[in-house]
Amino acid sequence: IATVWWDIGTGLKAGDVEDFAAILFFIAAFQAFMSVSSMPSFLEDRTVYLKEKTSGNYGVMAYNAGAFLSSTPFVALIAVVCSAIIYFALAMNSGDGRFLIFLLNLFLTLV
């Protein structure tokens, strides 16, 4: 992504709106489709969960909360690294808090 649209943020023109929309769509779609790669892990965890549930060790809420909390740091790391590379390579708007908004958007896409 960074090499295709390298430094597009400098010298913006009216026609660059479509390029930025394409960039944002591609980033969000790529990250969302990457989330599908966790499906094999989910299927493996499902058999363990079903065994633990029938044993009465924990319920649905405890399992989902634990799975969410254990995966959040890794997802945050992916979001920070990808955002830092993409945002600054494309020379996007460096206004107050814009990078954090971009980072939050990407993180929420992944979660």
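We count residues from 1, following the sequence as given.
Criterion: ILVMFWY side-chain heavy atoms under 4.5 Å apart, direct or through other members. Under it, Ile101 and Phe88 are not part of a common hydrophobic cluster. Using a 4.5 Å cut-off between side-chain heavy atoms of Ile, Leu, Val, Met, Phe, Trp and Tyr, with links allowed through other members, Ile85 and Phe25 fall into different hydrophobic clusters. When the side chains of ILVMFWY residues are joined at heavy-atom separations under 4.5 Å, either directly or via intervening members, Phe107 and Leu69 end up in a single hydrophobic cluster.
Here the closest non-hydrogen pair linking Leu110 and Val75 is CB-CG1, 3.5 Å. Of all non-hydrogen atoms in Ala79 and Leu106, the two that sit nearest each other are O-CD2, 3.7 Å. Between Pro73 and Ser70, the shortest heavy-atom distance links the atoms CD-O, 3.7 Å.
Listed by chain and residue number, Tyr49 satisfy the ring-ring contact (aromatic ring centres under 6.0 Å, His included) test with Tyr63 (two or more places apart in sequence, or in another chain).
Side-chain contact between Thr109 and Asn105 is present, with at least one heavy-atom pair separated by less than 4.5 Å. Between Phe102 and Ile86 the shortest side-chain heavy-atom distance falls below 4.5 Å.
Between the OG atom in Ser55 and the CG atom in Leu50 there is a gap of 10.5 Å [rounded to 0.5 Å]. Here Glu52 contributes atom CD and Asp45 contributes atom CG; the two are 11.5 Å apart, rounded to the nearest 0.5 Å. Here the straight-line distance linking atom OH of Tyr58 with atom NZ of Lys53 works out to 11.5 Å at 0.5 Å rounding.
A distance-only check finds no donor-acceptor pair linking the side chain of Ser83 to the backbone of Val80 [under 3.5 Å].
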